[in-house]
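For reference, the structure discussed in these notes is given below.
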Amino acid sequence: MDQKARTLIDNLWKQHELKEEEYFYILEHRDLELETELFSLSRQVREEHFGKEVYIRGLIEFTNYCKNDCFYCGIRCKNTNASRYRLTKEEILSCCENGYGLGFRTFVLQGGEDPYFTDEIMTDIIRAIRETYPDCAITLSMGERTKEQYQRYYDAGANRYLLRHETANEEHYGKLHPKELSLANRKECLFHLKEIGFQVGTGFMVGSPYQTNETIAQDLAFIQQLRPQMVGIGPFIPHKDTKFADAPAGTKDDTLFFVGLIRLMRPNALIPATTALGTIEAKGREEGIMAGANVLMPNLSPITVRKKYDLYDNKICTGEEAAECNACLRKRVESVGYEIVESRGDYQEK
Ligand code: SAM
Ligand code: FES
């Protein structure tokens, strides 16, 4: 094991910050022994702050229409093979009702950037959920909007917003997105969301095409600068109708390593063990929890649309009812000694 890399991990554990070049050094000197050291610290920190608890968020994939053409994404606008759907307000509320009965206290509305959902329609939906479930958190994940729009959603009752930065390197961002999209705008959105008072989540795909240790060090430095309450990282998985169809998927080992580092950097953060991690490896989510993750985001979308929210190939949990998924996840979490709890699971500054 490289002793300097070991010392840097200790410093991250104690001080929660490193320089970009120090993250790079760790990434370049990673080996099995260093991973073991990291995971023993990241699990310890996770348990100091959250014990054995795992929070659940009910994911409602409310539209797969999108005006963007992110090159890696199965529901990008130019994919004419995608079969498009939108959920109605009534369908969304019925997902919430089902989820509430199963113990969910956070609902995540995620979708493509769909112009059909105007601010009027969105705020009407958010208000309806807020009035019916005053004890629940409402999380949005619907891409880039103006600060004024985000403010309207917040005023209507939304509490949290997920917007992965995807990559903190301009050139890399340009290789994954069409030229109308920019890293500068994505970052500005994140800072706007924080200024408004949302609990903010960012993150990136692990193993996305053209990713390097340099770009990952930049991702980690950006997360350190933004100080998000939530950090979502999961492996990139190719989708057959994209130009990256033949690119390799990100790996479980890489994803776990970065989860561990982020746990040391952001001890109180809400970090999901993602569905993508469970897709590339049967026990990926369980291992994610043991590496420092503390959130799971099972699907509450109606079974009729599950397969259509097709971001990447072979996505798991598209055939089971929410109740079945819930029971399956509880067992999986218990199998590694952890426990799903019925709680909003808000970020706590300690
Ligand atoms: N439109 C919203 C946005 O842009 O934030 C939310 C929906 S978008 C599909 C949610 C996330 O899916 C993206 O931030 C991206 O990281 C992830 N994603 C898209 N395609 C993926 C792929 N092929 N493999 C893994 N994750 C993917
Ligand atoms: Fe818009 Fe993927 S391109 S959600």
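We count ligands from 1, going down the list as the structure has it; atoms in each ligand are counted the same way.
The proximity of L311 to ligand 2, defined as any non-hydrogen pair under 4.0 Å, does not occur for either the backbone or the side chain.
In this structure, K283 places its NZ atom where only 12 or fewer heavy-atom neighbours from other residues, nucleotides or ligands lie under 6.0 Å away. Enclosure of atom CD in E97 is not indicated, since only 12 or fewer non-hydrogen atoms of other residues, nucleotides or ligands lie within 6.0 angstrom. Surrounding CG of D246 are at most 12 heavy atoms belonging to other residues, nucleotides or ligands under 6.0 Å away. Within a 6.0 Å radius of CZ in R227, other residues, nucleotides and ligands contribute 12 heavy atoms or fewer.
Tracing side-chain contacts under 4.5 Å through hydrophobic residues (I, L, V, M, F, W, Y), one reaches F222 starting from V259; they form part of the same cluster.
Summary of contacts: the protein heavy atom closest to atom 20 (N) of ligand 1 is Y72 CD1, 3.3 Å. For atom 12 (O) of ligand 1, the nearest protein heavy atom (residue, atom name, distance) is L311 CD1, 3.6 Å. For atom 6 (C) of ligand 1, the nearest protein heavy atom (residue, atom name, distance) is G111 O, 3.4 Å.
For the residues E144, K67, E166, E61, the heavy atom positioned nearest atom 16 (O) of ligand 1 is part of E166. Between the choices N68, I237, N64, V206, the shortest heavy-atom distance to atom 22 (C) of ligand 1 belongs to I237. Across K315, H165, M205, heavy-atom proximity to atom 27 (C) of ligand 1 is greatest for M205. Residue nearest to atom 3 (C) of ligand 1, selected from Q110, E113, R186: R186 (by heavy-atom distance).
The atoms of ligand 2 that sit less than 4.0 Å from any heavy atom of I75 are 2 (Fe), 4 (S). Residue Y312 has at least one heavy-atom neighbour below 4.0 Å for each of these atoms of ligand 1: 22 (C), 23 (N), 24 (N), 25 (C). Listed by number with element, the atoms of ligand 2 under 4.0 Å from a non-hydrogen atom of N68 are 3 (S). Interface atoms of ligand 2 facing C70, defined by a heavy-atom separation under 4.0 Å, are 3 (S). Annotation for ligand 2: atoms under 4.0 Å from non-hydrogen atoms of G112 are 4 (S). Near S141, with a cut-off below 4.0 Å to any heavy atom, the atoms of ligand 1 are 6 (C).
In summary, C66 places an N/O/S atom under 2.8 Å from atom 1 (Fe) of ligand 2, meeting the contact criterion. Taking 2.8 Å as the threshold, C73 counts as a candidate ligand of atom 2 (Fe) of ligand 2, since one of its N, O or S atoms lies below it.
N169 CG to F204 CZ: the interatomic distance, rounded to the nearest 0.5 Å, is 12.5 Å. Distance check: D310 CG to N79 CG gives 8.0 Å after rounding to the nearest 0.5 Å. To the nearest 0.5 Å, the span separating NE2 on H239 from CG on L311 amounts to 8.0 Å.
No N or O atom of L163 sits closer than 3.5 Å to an N or O atom of ligand 1. Where the criterion is an N or O separation shorter than 3.5 Å, residue side chain and backbone included, M142 fails it with respect to ligand 1. Remark: ligand 1 and R164 share an N or O pair separated by less than 3.5 Å (distance only, no angle test). Close N/O approach between Y309 and ligand 1 is not found [any backbone or side-chain N/O within under 3.5 Å].
Note on ligand 1: P235 sits in its first shell, one or more heavy atoms being nearer than 4.0 Å. The closest approach between a heavy atom of S208 and any atom of ligand 1 is not below 4.0 Å.
Of the N and O atoms on the side chains of Q218 and E214, not one donor lies less than 3.5 Å from an acceptor on the other residue.
Aromatic ring centres of Y161 and Y153 lie farther apart than the 6.0 Å criterion allows.
M290 has its side chain out of reach of F39: every pair of non-hydrogen atoms, C-beta onward, lies at least 4.5 Å apart.
Stacking of R105 on the aromatic ring of Y100 is recorded, both the 6.0 Å distance cut-off and the 45° axial limit being met.
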Checklist line | Test log, rule side-chain hydrogen bond (donor to acceptor under 3.5 Å, both in side chains), inputs D253 and T251 | finding: CA-CA 5 Å; D253 289 347; T251 67; 5.8 Å; no

Check: Yes or no on side-chain hydrogen bond (donor to acceptor under 3.5 Å, both in side chains) for D2 and Y25, after CA distance, side-chain angles and deciding distance?
Finding: CA-CA 10 Å; D2 183 280; Y25 188 94; 3.0 Å; yes

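Distances from atom 8 (S) of ligand 1 to the protein include no heavy-atom value under 4.0 Å.
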